[in-house]
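Every number for a ligand or one of its atoms is a count from 1 in the order of the listing. Quick caveat: nothing in here was measured; it's all calculated off a predicted structure.
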Amino acid sequence: MNPDAVKLIERLKDTGTLSPEEWVFLISGEDDELASFAAEGALKIRRQYFGNKVYVRGLIEFSNCCRNDCYYCGIRRSNKNAQRYRLNEEDILSCCREGYELGFRTFVLQSGEDPYFTDDKICRIVDRIKKAHPDCALTLSIGEKSRASYQAYFDAGAERYLLRHETADPVHYSLLHPAELSSENRKRCLYDLKDIGYQTGAGFMVGSPYQSAEQLAEDMIFLSELKPQMVGIGPFIPHKDTPFCDKPQGSLKQTLFMLSLIRLMLPDVLLPATTALGTIHPKGRELGILSGANVVMPNLSPVAVRKKYELYDNKICTGEESAECRTCLDKRIESIGYEIVTDRGDHPDFGR
Ligand code: 5AD
Ligand code: FES
């Protein structure tokens, strides 16, 4: 193993940061041995903070209508093959009810950027869910909004927000998105969310087109500055009806290595083993947990719409009922010596 890389991992643990050049060196120095070393360190830290607990979030994909046109995403507005849908308020509430019965204490409401769901509608939904399930945490993942909108959802009772920064490098950002979207606004949103008091999640795809170690280094530095409570990462997976249909998929090993490095840098972060990771390898989510992740986010959406929320090809769990995914995940997590808990799973800084 490269002794300089080992030293950098040790320093990352101690100081929580590295220089851009050091990040590039570490990220491009990945091999099996270094990855095992990083994973070992990550698991030790993970165990200190979270024992063998894995938190579970019920994901409700309530609309796949989107006004944006991101080049990588299967529900981009230009994809005429996407069958668009919206769940109504009652549908969403019944997903939560079913999820509650199954032991979920966090609901994540995710959608495309759908103008149909005005701030008033979102606030009403948040309010109804919080009144029906006062012991549950509510996470929104509905895209870029004004600070005033974020504040309104927060005041209505939403306490967490997921918005991946996608890439921290503005030039790289412009290669993944049309000109109307900017890295600058994306970051502004994240700082607003944190400032308002949300438990905030950022993140990026591993192996997105035009990404190299330099971009990943910038992503890590951005995370070290933002200090989000949650970080969502997963491999890029091409979708057949997007401009990136022919681009190569992100690598399993690099995604696992990045998960370990994130755990080493942000020891108490909430870090999911994502569905995308489970899509590129049959044991992807288990491997994610064994690399330092501590959250899983199974789908609670009605089976009738699941296939339609297709951000990338071959997404898993589109035919299974919520209860089936819950049981399946319990078994998977148990099989590697960990345990899914019925708990809101707040970030340690936000314990009630
Ligand atoms: N492959 C992997 N992840 C994707 N996302 C969107 N499209 C893809 C894709 N083709 C991710 C983005 C987004 C999150 C909801 O899903 O990072 O923020
Ligand atoms: Fe959905 Fe295994 S988690 S089938």
Side-chain angles (χ1 to χ4, degrees), residues 54 56-59 61-64 66 68-76 79 82 102 104 108-113 139-144 161-168 172-173 176-177 181 186 189-190 201-209 211 219 230-252 255 272-286 288-289 296-301 303 306-307 309-335 340:
V54 174
V56 67
R57 324 296 194 193
L59 181 62
E61 298 157 336
F62 68 93
S63 164
N64 71 348
C66 192
N68 291 334
D69 219 17
C70 310
Y71 303 147
Y72 46 83
C73 182
I75 64 169
R76 65 200 299 267
N79 181 7
L102 292 169
F104 292 92
V108 181
L109 297 190
Q110 187 173 83
S111 69
E113 287 194 14
T139 307
L140 292 176
S141 178
I142 58 176
E144 296 181 24
Y161 204 103
L162 304 178
L163 183 75
R164 292 189 180 177
H165 64 279
E166 310 298 359
T167 171
H172 186 216
Y173 195 95
L176 304 182
H177 304 92
L181 294 171
R186 198 84 178 170
C189 289
L190 283 161
F204 54 89
M205 292 177 285
V206 176
S208 61
Q211 183 189 66
D219 288 325
M230 310 178 279
V231 175
I233 70 163
F236 162 73
I237 305 172
H239 184 291
K240 58 185 182 325
D241 298 318
T242 64
F244 289 166
C245 57
D246 291 327
K247 302 286 185 199
Q249 173 176 296
S251 102
L252 173 74
T255 307
T274 54
T275 304
L277 192 52
T279 296
I280 63 164
H281 187 281
K283 292 250 150 64
R285 287 166 298 178
E286 291 91 321
I289 299 292
V296 285
M297 298 175 66
N299 207 305
L300 278 183
S301 312
V303 171
R306 281 198 192 186
K307 187 94 193 78
Y309 201 88
E310 202 187 33
L311 308 182
Y312 44 80
D313 290 337
N314 306 315
K315 187 176 166 202
I316 53 168
C317 298
T318 54
E320 282 79 7
E321 292 289 346
S322 303
E324 293 177 75
C325 284
R326 180 62 219 249
T327 317
C328 167
L329 271 176
D330 271 333
K331 282 198 208 126
R332 286 171 182 268
I333 299 302
E334 212 174 284
S335 77
I340 293 187

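The closest non-hydrogen atom to atom 16 (O) of ligand 1, taken over Leu311, Ile280, Leu162, comes from Leu311. Atom 5 (N) of ligand 1 has its nearest heavy-atom neighbour, among Arg186, Gln110, Met205, in Met205.
The closest donor-acceptor contact from the side chain of Tyr312 to the backbone of Ala276 lies under 3.5 Å.
A salt bridge (charged side-chain N to carboxylate O under 4.0 Å, His left out) with Lys315 holds for exactly one of Glu61, Glu320, Glu310; it is Glu61. Put simply, the residue from Pro272, Cys325, Pro298 that forms a side-chain contact (heavy atoms from CB on, under 4.5 Å) with Val56 is Pro298.
Annotation: atom 9 (C) of ligand 1 to nearest protein heavy atom, Ile237 O, 3.4 Å. Of all protein heavy atoms, the one lying nearest to atom 7 (N) of ligand 1 is Tyr72 CD1, 3.3 Å.
At a 4.0 Å heavy-atom cut-off, ligand 1 touches Pro235 through the backbone alone. Under 4.0 Å from ligand 2, the heavy atoms of Arg285 that appear belong solely to its side chain. With a heavy-atom cut-off of 4.0 Å, His239 does not touch ligand 1 at all.
Each of the atoms 12 (C), 13 (C), 17 (O), 18 (O) of ligand 1 lies under 4.0 Å from some heavy atom of Glu166. Atoms of ligand 2 found under 4.0 Å from any heavy atom of Cys328 (numbered from 1 in listed order, with element): 2 (Fe), 3 (S), 4 (S). The Glu320 neighbourhood of ligand 2 comprises atoms 4 (S), with distances under 4.0 Å to a heavy atom of that residue. Short contacts between ligand 2 and Leu329, defined as distances under 4.0 Å to a heavy atom of the residue, involve ligand atoms 3 (S). Those atoms of ligand 2 that come under 4.0 Å of a heavy atom in Cys317, given as number and element, are 1 (Fe), 3 (S), 4 (S).
A pairwise comparison of heavy atoms in Thr242 and His239 identifies OG1-O, 2.8 Å as the closest pair. In this structure, Ile333 and Val296 approach most closely via the heavy-atom pair CD1-CG1, 4.3 Å. When all heavy atoms of Arg285 and Cys317 are compared, the closest pair comes out as NH1-SG, 4.2 Å. Taking all atoms of both residues into account, the shortest heavy-atom contact from Glu144 to Glu113 is N-OE2, 2.7 Å.
Ile233 contributes atom CD1, which lies 9.5 Å from atom CG of Asp219 (distance to the nearest 0.5 angstrom). Taking NZ from Lys247 and CZ from Phe236, the interatomic distance works out to 8.5 Å, rounded to the nearest 0.5 Å.
Within the 4.0 Å heavy-atom cutoff, Gly203 does not count among the residues contacting ligand 1. Using a non-hydrogen distance threshold of 4.0 Å, Glu324 does not register as a contact of ligand 2.
Considering backbone and side-chain atoms together, Arg164 places an N or O closer than 3.5 Å to an N or O of ligand 1. Close N/O approach between Pro238 and ligand 1 is not found [any backbone or side-chain N/O within under 3.5 Å].
Among the backbone and side-chain atoms of Cys325, an N, O or S atom lies under 2.8 Å from atom 1 (Fe) of ligand 2.
The number of heavy-atom neighbours closer than 6.0 Å to CD of Glu324, taken from other residues, nucleotides and ligands shown, is above 12.
If you check the side chains of Arg186 and Thr167, you find no donor sitting under 3.5 Å from an acceptor.
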